[in-house]
**Student:** 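Right, I'll just put the structure down here and ask away after.
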There are 2 protein chains.
Amino acid sequence: MKQKQSRQPDPARRVTAQDVAKKTGVSVMTVSRAMNNRGNVDAATRKKVLDAARKLGYSPDHVARSLVLRKTHTIGVVVPEITHSFFPEAIRGIEEVTYRSGYHLILTHSAEDAKREHDALRTLESKRVDGILISTAQSVTDDSVYREAIGRGVPLVFFDRVVRGIGATCVSIDDKESARMLTNHLIGHGYRRIAHLSGPTRVSIGRARLEGFRNAMDDHQLSVPPEFVVYSGFHETGGYKAMRMLLALPPERRPRAVVAVNDPAAFGAMMAILEAGLRIPDDIAIGGFSDDIRASLMPIPLTTVCQPAYEVGNQAAQALVNIIEGNPPQRDLITLGADLVLRRSCGCQPSEGIRRG
Amino acid sequence: MKQKQSRQPDPARRVTAQDVAKKTGVSVMTVSRAMNNRGNVDAATRKKVLDAARKLGYSPDHVARSLVLRKTHTIGVVVPEITHSFFPEAIRGIEEVTYRSGYHLILTHSAEDAKREHDALRTLESKRVDGILISTAQSVTDDSVYREAIGRGVPLVFFDRVVRGIGATCVSIDDKESARMLTNHLIGHGYRRIAHLSGPTRVSIGRARLEGFRNAMDDHQLSVPPEFVVYSGFHETGGYKAMRMLLALPPERRPRAVVAVNDPAAFGAMMAILEAGLRIPDDIAIGGFSDDIRASLMPIPLTTVCQPAYEVGNQAAQALVNIIEGNPPQRDLITLGADLVLRRSCGCQPSEGIRRG
DNA sequence: GGAGGACTTGTTAGCGTTAACAGTCGATGG
DNA sequence: CCATCGACTGTTAACGCTAACAAGTCCTCC
């Protein structure tokens with residue numbers, strides 16, 4: 001067939017700067033300069049190089065470039081669970097920043113598993129990412145992995161589920177303040193006996209929300225009997241079980257309102273309340289966290305704290321990029337405010353009923 | 001304080017195999033062999049090397065390794081919109097495969113923009129990913145980008161929004177069949193005048209669902225007047241507007257049932273129907289696609305086609321890894337079946353009412 | 001008219017790793 | 001006793017790119 005086609009020594013071989021150089025009769029260095037729009041290249045030469053590059057389908061090898069420049073323009077992201085509605089939003093916020101600043105994202109997910117998270121961290125480091133954004137897994141009990149990475153000079157920024165006091169920047173929602181705000185709102189409705197469905201205190205958000213709840217109660221000199229703080233974890237079933245325990249109390253010792261650690265727990269609790277033949281908010285009022293997409297669609301729409309996931313990701317990414325580029329942020333604790341979304345479950349009769357969704 | 005701490009010439013410098021070699025008195029090659037568990041290393045030497053590596057905090061540089069081995073163990077993923085509930089699920093399915101097979105994921109999102117997708121593709125190629133998983137953006141009109149990448153030998157697998165006939169493996173839901181199934185179900189309820197709220201026909205799912213709808217109608221010798229196929233796009237507002245157009249028809253010429261291209265469009269349409277003072281399904285029945293988390297929570301729960309997003313991602317990743325590792329799949333069209341989730345909006349009175357959520 | 005400068009291009013070396021080949025050393029066997 | 005083998009380890013040369021310096025050309029200016 002074709003006799004004199006342009007020779008291709010190894011079909012699997014990629015086109016390199018060498019090939020472009022040979023074709024245009026300049027050195028690889030000039031090709032490099034032209035491709036990177038460096039000054040000091042004659043306009044005509046640059047054009048010649050760029051044309052040849054396009055014709056040959058040449059694209060500079062970032063791997064080689066990364067090796068020599070000691071910079072990969074890549075950021076590692078570790079999330080505990082990609083499908084948790086919070087994280088896609090947060091990733092979107094991260095992506096917006098990194099896209100603008102020319103970084104790429106290596107996404108790993110720890111499946112809430114400490115070992116898997118640890119592996120992810122090590123591999124990201126081996127991949128020589130320029131920095132890491134991480135939201136910790138629930139099963140992590142030991143900071144040393146993070147400390148060591150930081151010790152080795154890897155820029156690390158925590159977001160949402162943060163670890164404070166080990167020298168890494170943390171971006172999170174002011175959970176304590178939000179829990180306080182929500183609790184205060186319930187107190188404002190006149191409720192005095194308020195219970196808390198809590199998350200694991202090992203995780204920062206679990207701790208902070210419990211604290212904020214306690215603070216608000218303390219501020220109003222309201223007591224919190226020990227049986228009013230029930231562990232529910234982060235899921236529907238936990239919320240359901242925890243609420244059942246509260247409902248097992250004699251009626252006069254039951255709470256009149258409940259602050260749930262998040263919306264799924266609140267949904268579980270609501271189910272338990274309705275099953276017990278009680279009404280929301282007439283018998284028991286309830287509030288949650290995270291403005292789950294379902295919150296506004298429940299039979300009794302759920303009052304909840306709306307967490308700016310996009311904003312958290314955005315700020316965390318911004319902080320990380322700044323650190324990487326040599327402008328470390330002033331404070332290493334960035335907390336964002338959250339909004340209270342008032343719906344019927346707390347006793348409000350919102351004019352509009354639904355704020356989003 | 002400490003006088004004789006181990007010297008660190010350049011604090012920013014990472015620990016290399018060289019350092020480990022020097023410390024243990026062997027050559028870098030032996031370090032490499034020990035780290036990679038190659039044979040031909042004395043057990044005692046290996047231990048010595050591994051110990052020193054741990055002590056120094058050495059982790060092999062994947063960038064350098066990738067350069068010499070011409071393999072990055074990294075897969076590029078391009079999705080049009082990370083927050084579309086379908087994609088986090090799909091990514092989860094991808095992640096499961098890649099985690100098991102030792103690949104990492106570079107995630108890019110095109111924001112439904114052709115140019116941004118094009119950039120992402122080029123950069124991924126420059127980053128020398130071993131393969132690419134892509135779900136196309138809506139605004140793409142030209143295949144050549146994909147063809148060229150394939151021409152350059154980049155393994156490419158499409159998932160969900162696929163491009164057929166250009167030599168890449170495609171993994172998608174059998175949308176035509178699903179649309180047909182849904183339409184058949186409505187016909188089974190006795191509806192004859194059925195309309196379709198359509199997506200962009202440029203996108204494969206838009207085309208396929210329209211076709212499946214048409215096929216089902218043809219099979220039953222039911223006519224589809226031109227005004228019964230209304231463009232809605234993929235969002236609530238589009239569905240709302242499209243439904244308004246159908247409702248603007250004189251009552252006797254209105255549809256009795258509607259097949260929406262996806263759930264958000266269906267939600268918009270439902271809002272329009274209810275606003276017009278009509279009842280669902282009594283006056284107009286409706287069905288959607290994707291089993292959006294809200295579908296079961298609507299005032300009238302929505303009958304919908306449940307798409308196995310996790311499975312799509314999983315199969316696509318599996319196919320790509322196979323291609324990369326030299327076992328190309330037999331067929332280059334992999335279609336997965338979907339399930340019909342029956343709820344009230346189509347006229348069914350499901351015993352259980354809610355299937356998931 | 002020759003020193004100096006501006007602009008462009010080339011040369012050399014090295015980023016950290018591994019493949020391929022080349023030793024080294026003790027043991028084995030005819 | 002020396003060739004041979006096998007187990008281990010070292011040496012060299014890439015992989016594709018860019019920084020740093022060197023060198024060439026042409027021009028300017030005292």
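Numbered from 1 within each chain, the chains take letters A, B, ... in sequence-line order.
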**Student:** At 4.0 Å (heavy atoms only), tell me whether A/V63 reaches a base, stays on the sugar-phosphate, or touches nothing.
**Tutor:** nothing
**Student:** Report the distance from atom CG of B/D19 to atom P of C/dG16, rounded to the nearest whole Å.
**Tutor:** 9 Å
**Student:** Starting from P on D/dT12, measure out to CD on B/Q18 and report it in whole angstrom.
**Tutor:**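 It works out to 14 Å between those atoms.
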**Student:** Should B/R70 be listed as having a side-chain N or O under 4.0 Å from OP1 or OP2 of D/dC15?
**Tutor:**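 Checking D/dC15 against B/R70, no side-chain N or O comes under 4.0 Å of OP1 or OP2.
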**Student:** Between atom CG in B/D42 and atom C1' in C/dC25, what is the gap in whole Å?
**Tutor:**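 The distance from CG of B/D42 to C1' of C/dC25 comes to 13 Å, rounded to the nearest Å.
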**Student:** Measure from the side chain of A/T30, starting at C-beta and using heavy atoms only, and say which of D/dT18, C/dT9, C/dT17 lies closest.
**Tutor:**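 Given the options D/dT18, C/dT9, C/dT17, the side chain of A/T30 is closest to C/dT9.
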**Student:** Under 4.0 Å between any heavy atoms, over every strand shown, what does A/R38 touch: base, sugar-phosphate, or nothing? Just pick one.
**Tutor:**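 Result for A/R38 = sugar-phosphate.
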**Student:** Mind calculating the distance between CG (A/N36) and P (C/dT9) to the nearest angstrom?
**Tutor:**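 Whole-Å distance recorded here is 15 Å.
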**Student:** I'd like to know if A/D51 and A/R54 make a salt bridge, using a cut-off of under 4.0 Å between side-chain N and carboxylate O.
**Tutor:** yes
**Student:** For a quick test of reading the model: is some side-chain N or O of A/S32 closer than 4.0 Å to OP1 or OP2 of D/dC17?
**Tutor:** no
**Student:** Could you tell me whether A/E117 and A/R161 have a side-chain N and a carboxylate O separated by less than 4.0 Å?
**Tutor:**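 The answer is no: the pair does not qualify as a salt bridge.
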**Student:** Checking contacts here: which listed nucleotide (D/dT18, D/dT11, C/dT17) is nearest the side-chain heavy atoms of B/S27?
**Tutor:**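 Selected nucleotide: D/dT11.
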**Student:** Could you work out which one of C/dT8, D/dT9, C/dG10 sits closest to the side chain of A/V26?
**Tutor:** C/dG10
**Student:** For B/F87 and B/F159, take the angle between the two ring planes, folded into 0 to 90°, and tell me which bin it lands in: parallel under 30, tilted 30 to 60, perpendicular over 60.
**Tutor:**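 Correct class here is perpendicular.
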**Student:** Closest to the A/A17 side chain: D/dC17, C/dT17, C/dT8?
**Tutor:**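 So the nucleotide nearest the side chain must be D/dC17.
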**Student:** In whole angstroms, how far is the P atom of C/dG16 from the NZ atom of B/K22?
**Tutor:**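 After rounding, the gap between these two atoms is 12 Å.
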**Student:** With hydrogens left out and only the distance checked, is there a donor-acceptor pair under 3.5 Å joining B/R128's side chain and the base of D/dG16?
**Tutor:** no
**Student:** What I want to find out is whether A/D19 reaches A/K23 closely enough, with some N-O distance under 4.0 Å, to be called a salt bridge.
**Tutor:** no
**Student:** Between B/A64 and B/N40, just flag the one whose closest nucleotide in DNA chain D comes earlier from the 5' side.
**Tutor:** B/N40
**Student:** Tell me the interatomic distance from B/L67, atom CG, to C/dC15, atom P, rounded to whole angstroms.
**Tutor:**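 Going from CG in B/L67 over to P in C/dC15 covers 14 Å.
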**Student:** Please work out if B/S66 contacts a base, only the sugar-phosphate, or nothing of the nucleic acid, heavy-atom cut-off 4.0 Å.
**Tutor:** nothing
**Student:** Rounded to the Å, how far apart are A/K71 NZ and D/dT18 C1'?
**Tutor:** 16 Å
**Student:** Categorize B/L69 for me: base, sugar-phosphate, or nothing, with a 4.0 angstrom heavy-atom threshold over every strand shown.
**Tutor:**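 Sugar-phosphate only.
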**Student:** Among D/dT18, C/dT17, D/dG10, which nucleotide sits nearest the side chain of B/R33?
**Tutor:**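 When the side chain of B/R33 is considered, D/dG10 is the closest of D/dT18, C/dT17, D/dG10.
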**Student:** Just the rounded figure in Å: distance from P of D/dC8 to CZ of B/R46.
**Tutor:**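 So the two atoms are 9 Å apart, to the nearest Å.
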**Student:** Would you say B/T45 reaches D/dT9's phosphate, i.e. side-chain N/O to OP1/OP2 under 4.0 Å?
**Tutor:**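 Yes, such a contact exists.
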**Student:** Any ion pair linking B/D61 and B/R65 (charged N to carboxylate O, less than 4.0 Å)?
**Tutor:** no
**Student:** Any chance NZ of A/K71 has more than 12 other-residue heavy atoms, nucleotides or ligands included, within less than 6.0 Å?
**Tutor:** yes
